[in-house]
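In this chain, numbering begins with 1 at the start of the sequence shown. As the structure is a computational prediction, the values presented were derived from the model and not from experiment.
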Amino acid sequence: YEQKISRGTADGSKKRDIDVFKKHDTNDEFDDGIVRYRDSRLVSLLPYGGMENLLQSKKINHGRLFNALAQNLLPVVTKNLTPQFFEGNMETFLTCLNLSSYLKEKFLDEYAAKFFEEAALNAICRAMYTNLKISDVLMLVEEMPRILTLPYSAVSQLNELCIRILSQVMVNFRMQNRWQDFHEAEYALKMLKSFAAQKLTPNP
């Protein structure tokens, strides 16, 4: 405002002073009405913006769940993120995937739910290229039977990454004489390879 009054009006006819600003700068009225548009603003960032009936039920505040999905997954598709964003967040992305599937069944518009599911899968794939803990790998492998049923191109890529990393984990199990873990991983590896083989077999 100080810069503005130093320039004067457009026609140069008069100048205001700081007293005018102080007169109107009362800040005595609290108004948080803009908050009601927060979810709509988040929706507008989606590729399928303008979905008025995104949450079909208002009996439970599922807006908080939607906001959690948006906070964790919108950066994956809207920003050029470094690997540090994905490192150590495997559990978060798996939770987002399960949450989006839950909301798809109960409340979310189909297009929005698919958007979140695919964004979660892409985030999981990118997390696979970071320094994974064995617990992260096993957590993902446990979810793979359900993930393999999802109709997204990222599923095949994720399956290939799982096969590669699980094979390395099995070597560690064998060297540490963790035979029960080894055999459980071996069973999971056979399942993943079976899925990959089915994808490679052409339909008659």
Side-chain angles (χ1 to χ4, degrees), residues 38-130 132-133 135-166 188-189 191-200 203:
R38 179 176 52 200
D39 290 347
S40 297
R41 182 182 65 81
L42 289 171
V43 173
S44 70
L45 298 175
L46 299 174
Y48 309 99
M51 295 174 290
E52 293 82 1
N53 298 321
L54 182 65
L55 296 174
Q56 299 170 0
S57 172
K58 297 297 182 181
K59 294 179 181 178
I60 304 176
N61 184 13
H62 285 84
R64 290 173 60 187
L65 301 182
F66 169 72
N67 287 338
L69 282 178
Q71 182 179 353
N72 286 289
L73 297 180
L74 282 182
V76 176
V77 294
T78 60
K79 296 179 181 178
N80 187 16
L81 298 170
T82 63
Q84 284 72 28
F85 178 85
F86 301 92
E87 188 169 356
N89 283 322
M90 178 65 74
E91 185 173 8
T92 298
F93 297 138
L94 286 172
T95 301
C96 286
L97 179 62
N98 287 321
L99 179 57
S100 59
S101 299
Y102 163 75
L103 290 177
K104 179 174 68 174
E105 294 175 5
K106 302 289 183 181
F107 305 101
L108 268 184
D109 178 281
E110 180 182 6
Y111 292 112
K114 287 182 176 179
F115 168 79
F116 281 128
E117 279 184 331
E118 192 162 19
L121 285 170
N122 288 328
I124 292 168
C125 284
R126 294 184 67 176
M128 295 288 279
Y129 290 100
T130 64
L132 287 176
K133 298 178 181 177
S135 58
D136 290 331
V137 177
L138 297 180
M139 195 185 312
L140 173 59
V141 168
E142 189 174 338
E143 293 291 328
M144 282 304 292
R146 191 186 69 79
I147 291 175
L148 294 176
T149 66
L150 298 175
Y152 305 106
S153 58
V155 170
S156 293
Q157 179 189 357
L158 187 55
N159 191 51
E160 291 174 9
L161 290 169
C162 272
I163 290 173
R164 189 185 316 160
I165 293 178
L166 190 57
L189 186 61
M191 180 265 297
L192 297 176
K193 287 183 175 179
S194 173
F195 173 82
Q198 291 174 18
K199 287 293 181 181
L200 292 173
N203 292 325

Please tell me if the side chains of Tyr152 and Lys114 come closer than 4.5 Å, counting only heavy atoms from C-beta onward. yes
Please walk me through it: do Met191 and Leu148 pass side chain to side chain contact (heavy atoms under 4.5 Å, CB included)? CA-CA 10 Å; Met191 180 265 297; Leu148 294 176; 3.6 Å; yes
Quick one: closest heavy-atom pair of Leu150 and Val155, and the distance? O-CG2, 3.5 Å
Cys162 side chain reached by Met144 side chain, heavy atoms, under 4.5 Å: yes
A side-chain contact here means heavy atoms from C-beta on lying under 4.5 Å apart; do Met128 and Leu140 qualify? yes
Dump the intermediate steps for side chain to side chain contact (heavy atoms under 4.5 Å, CB included) on Ser101 and Arg146, then the final yes or no. CA-CA 11 Å; Ser101 299; Arg146 191 186 69 79; 3.3 Å; yes
Which atom of Ala127 lies closest to which atom of Leu132, heavy atoms considered: O-CD2, 3.5 Å
Identify the two heavy atoms, one from Val76 and one from Asn72, that lie closest to each other, and give their separation to 0.1 Å. CG2-O, 3.8 Å
State, to 0.1 Å, how close Cys96 and Leu69 come at their nearest heavy-atom pair, and which atoms those are. O-CD2, 3.4 Å
Straight-line distance of Phe116 CZ to Leu74 CG, nearest 0.5 Å: 5.5 Å
About how many Å separate CG of Leu189 and OG of Ser194, when rounded to the nearest 0.5 Å? 11.0 Å
Yes or no on side chain to side chain contact (heavy atoms under 4.5 Å, CB included) for Tyr129 and Phe86, after CA distance, side-chain angles and deciding distance? CA-CA 9 Å; Tyr129 290 100; Phe86 301 92; over 6 Å; no
Exercise: identify the closest heavy-atom pair between Leu81 and Phe85: CD1-CD2, 3.5 Å
Where do Ala120 and Leu73 come nearest, in terms of heavy atoms and distance? CA-CD2, 3.9 Å
Working to the nearest 0.5 angstrom, can you tell me the gap between Met90 CE and Thr130 OG1? 6.5 Å
Return yes when atom CD of Glu91 has more than 12 non-hydrogen atoms of other residues, nucleotides or ligands closer than 6.0 Å, and no otherwise. no
Nearest 0.5 Å, please: how far is CG in Leu192 from CG in Asn159? 5.0 Å
Separation of Ile124 CD1 from Leu161 CG (nearest 0.5 Å): 11.5 Å
Taken to the nearest 0.5 Å, the spacing of Ile147 CD1 from Glu117 CD works out to 10.5 Å
